[in-house]
Visitor: 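Here it is: the structure, laid out below.
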Amino acid sequence: MDNAANINTHAGEHGVTLDLLDFCKGLAILWVMLVHARHRWFGWQGVHIFVVLSGFTLTYACRIKNTTTWKAWYLRRAERILPTYWLVAIIGFLLVLILGMVAPQENYPLIFSQQVWRLFADLSFLRNFFYKTMLADPNSALWFIGLTVGFYLAFPFLYKTLSKSESARSILLFVCALSLIEFIYRAVAVYFLDGAPVGFGHGFMKSAGRPPSAMQEINQNFPFQLWAPFGIFISRIGEYAVGMAAAIWLTDDAGKFNRLLFNPWSFLAGLAVWLGGNALVYAGRWGWIIADWVIAVGLMVWVINLARAVRRFVPPLFRQMSKLGVWSYYLFLTHLLVGYTAARLYKLWSHSIATALLMVLIALASIVAACLLLRRFDGSKWPKIIVGRSVGAFLKS
């Protein structure tokens with residue numbers, strides 16, 4: 001989740017687009033937090049915004065800066081996300097142990113070896129290869145970090161391939177090729193791995209009904225099935241390519257890019273494509289193959305137009321939502337962990353409205369405090385030390 005604020009924004013027409021990115025991320029993280037609090041609506045699609053914008057911001061940054069070496073690039077990316085992620089994973093492990101003693105659950109006894117395995121799966125990014133751990137408590141949002149790491153690993157190859165494109169046609173072929181790879185992979189996942197895309201259990205809105213269920217023809221002991229195949233970056237590589245191509249287009253011809261993207265007709269077209277993608281969720285399992293890609297493209301077009309309109313007509317709202325976007329990575333890491341803790345302590349505060357309200361306020365304050373502490377940790381010397389020692393140990397092994 002690369003912040004637009006970290007990009008060296010250029011004056012002029014580039015800034016017209018770049019200034020909107022944090023608003024889009026703020027809206028996305030708000031959606032994600034709301035859907036975790038209240039299931040069965042389209043807020044899960046905030047993840048699509050993060051995927052497209054990740055491809056966009058990384059490509060744009062490489063395009064306008066002189067990247068020294070890819071080794072240095074990898075180190076910067078690792079320092080940006082890994083230490084904070086590892087810290088949150090370890091805190092989650094400790095919270096589960098503490099809550100297991102303070103507020104034990106009769107139907108779900110604490111099994112120490114199981115929690116140790118889950119911690120190892122988190123730290124090693126193996127979480128997404130097992131459907132039983134991918135969305136497991138106490139912090140199911142962590143699956144997205146494994147997806148992001150996959151994109152980071154693939155990015156240098158993708159960027160070098162895209163950089164060789166010297167025409168609009170070759171860029172379009174790049175997007176089409178990666179989108180086709182995504183569709184083929186998703187088809188295999190849906191029909192041979194009993195695939196169920198992560199967000200489709202929520203559908204679009206509760207009143208719209210439920211999407212079809214997964215095939216469930218594979219033995220449940222097989223780990224890589226159901227939602228697990230969709231935690232791998234190939235399942236969204238086409239969406240990522242769209243963001244990368246948009247960055248190339250912006251740097252090559254910002255005027256044309258902005259004219260075509262920002263207008264009422266683009267907003268309506270994006271809205272129509274987005275709604276069509278949501279219809280594919282209900283069309284049948286074949287619709288799952290292309291639905292995420294269609295949703296991502298349409299959603300990104302109308303949301304960035306919305307951002308521009310809000311900036312023009314409601315500047316205070318634009319500023320506040322953009323601030324939320326700057327903090328999106330920390331909010332993503334912490335909000336479910338706080339929610340899990342509050343839920344486990346439910347019996348202690350549910351006996352009156354006053355204590356329930358107090359717990360909600362404490363939970364919100366805890367999220368803010370956790371984000372502030374993570375931000376401070378990120379700005380310290382520790383991320384560089386942790387990554388340096390981890391990479392050194394890896395190279396020596």
Side-chain angles (χ1 to χ4, degrees), residues 1-2 21 24-25 28-29 31-32 35 42-59 77 81 125 127-129 131 134-135 140-159 161-162 174-191 193 195-202 211 214 224-247 273-274 276-278 280-281 285-301 303 328-329 332:
M1 297 182 184
D2 309 278
L21 302 189
C24 296
K25 291 184 178 182
I29 192 60
W31 280 6
V32 169
V35 81
F42 63 86
W44 55 274
Q45 296 174 15
V47 168
H48 293 296
I49 295 176
F50 288 124
V51 170
V52 175
L53 289 187
S54 179
F56 179 92
T57 54
L58 290 178
T59 303
R77 291 294 93 208
I81 68 166
F125 301 103
R127 178 189 189 109
N128 290 6
F129 291 91
Y131 75 94
M134 180 178 168
L135 301 179
S140 61
L142 294 186
W143 74 270
F144 184 76
I145 311 305
L147 181 80
T148 301
V149 169
F151 282 127
Y152 284 173
L153 293 174
F155 179 78
F157 170 76
L158 297 177
Y159 181 76
T161 302
L162 182 59
F174 172 83
V175 174
C176 290
L178 291 186
S179 299
L180 181 61
I181 291 172
E182 174 181 324
F183 298 156
I184 292 173
Y185 174 85
R186 291 172 69 89
V188 171
V190 169
Y191 287 104
L193 298 173
V198 177
F200 288 2
H202 301 294
F224 197 64
Q225 59 173 293
L226 298 174
W227 39 88
F230 299 95
I232 308 303
F233 76 97
I234 300 176
S235 69
R236 296 173 184 266
I237 194 70
E239 300 174 40
Y240 198 74
V242 169
M244 294 183 69
V273 171
W274 175 64
N278 281 283
L280 288 170
V281 173
R285 295 187 190 93
W286 66 269
W288 294 357
I289 297 171
I290 60 175
D292 271 340
W293 189 94
V294 176
I295 288 171
V297 172
L299 178 64
M300 199 64 250
V301 170
V303 164
S328 60
Y329 182 56
F332 203 97

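Sequence positions, counted from 1, serve as the residue numbers for this chain.
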Visitor: Can you name the one residue among Trp293, Trp286, Trp288 that meets side-chain contact (heavy atoms from CB on, under 4.5 Å) with Leu280?
Guide: Trp286
Visitor: Which pair of non-hydrogen atoms, one from Ile237 and one from Leu178, has the smallest distance, and what is that distance?
Guide: CG2-O, 3.2 Å
Visitor: Any side-chain heavy atom of Leu226 within less than 4.5 Å of one from Met134?
Guide: no
Visitor: Going from CD1 on Ile295 to NE2 on His48, what distance comes out if it is rounded to the nearest 0.5 angstrom?
Guide: 5.0 Å
Visitor: Heavy atoms only: give me the nearest Arg236-Trp143 pair and the separation to one decimal.
Guide: NH2-CH2, 4.0 Å
Visitor: Minimum heavy-atom separation for Gly55 and Tyr240, please, with both atom names.
Guide: N-CE1, 3.3 Å
Visitor: Answer yes or no: is there a side-chain heavy-atom contact under 4.5 Å between Val242 and Val297?
Guide: yes
Visitor: Find out whether Phe155 and Arg77 are in side-chain contact, i.e. whether some heavy atom of one side chain is under 4.5 Å from a heavy atom of the other.
Guide: no
Visitor: Do Pro229 and Tyr185 come within less than 4.5 Å of each other through their side chains, counting heavy atoms only?
Guide: yes
Visitor: Would Tyr152 and Leu58 satisfy side chain to side chain contact (heavy atoms under 4.5 Å, CB included), going step by step from the backbone distance to the final call?
Guide: CA-CA 9 Å; Tyr152 284 173; Leu58 290 178; 3.5 Å; yes
Visitor: Check the pair Ile232, Phe224 against side chain to side chain contact (heavy atoms under 4.5 Å, CB included), reporting the backbone distance first and the verdict last.
Guide: CA-CA 11 Å; Ile232 308 303; Phe224 197 64; 3.8 Å; yes
Visitor: Considering non-hydrogen atoms only, spot the tightest contact between Asn128 and Gly231 and give its length.
Guide: ND2-O, 2.9 Å
Visitor: To the nearest 0.5 Å, how far apart are CZ in Phe125 and CD1 in Ile145?
Guide: 8.0 Å
Visitor: Against Trp44, only a single residue in Phe230, Phe200, Phe50 fulfils ring-ring contact (aromatic ring centres under 6.0 Å, His included); can you say which?
Guide: Phe200
Visitor: Are Phe332 and Phe144, when compared by the centres of their aromatic rings, separated by less than 6.0 Å?
Guide: yes
Visitor: Kindly indicate whether the side chain of Phe233, heavy atoms from C-beta on, has any atom under 4.5 Å from the side chain of Leu153.
Guide: no
Visitor: Scan for salt bridge (charged side-chain N to carboxylate O under 4.0 Å, His left out) pairs involving residues 174-191, sequence neighbours excluded, and state none if there are none.
Guide: Arg186-Asp292
Visitor: Report yes if the side chains of Leu53 and Met300 come closer than 4.5 Å at any heavy-atom pair, otherwise no.
Guide: yes
Visitor: For side chain to side chain contact (heavy atoms under 4.5 Å, CB included), just list the numbers for Val301 and Val273, CA-CA rounded to whole Å, side-chain angles, deciding distance to a tenth of an Å, and then say yes or no.
Guide: CA-CA 9 Å; Val301 170; Val273 171; over 6 Å; no
Visitor: What distance do Ile290 atom CD1 and Phe183 atom CZ have between them, rounded to the nearest 0.5 Å?
Guide: 6.5 Å
Visitor: Distance from Leu147 atom CG to Leu142 atom CG, nearest 0.5 Å?
Guide: 13.0 Å
Visitor: Atom CD1 of Ile234 and atom CD1 of Ile181: how far apart are they, to the nearest 0.5 Å?
Guide: 8.0 Å
Visitor: What's the shortest heavy-atom distance between Ser328 and Ile29, and which atoms?
Guide: O-CD1, 3.8 Å
Visitor: Starting from the C-alpha separation in whole Å, work towards a yes-or-no answer on side chain to side chain contact (heavy atoms under 4.5 Å, CB included) for Ile81 and Val149.
Guide: CA-CA 9 Å; Ile81 68 166; Val149 169; 3.9 Å; yes
Visitor: So which heavy atom on Ala214 is nearest to which on Gly195, and how close?
Guide: CB-O, 4.0 Å
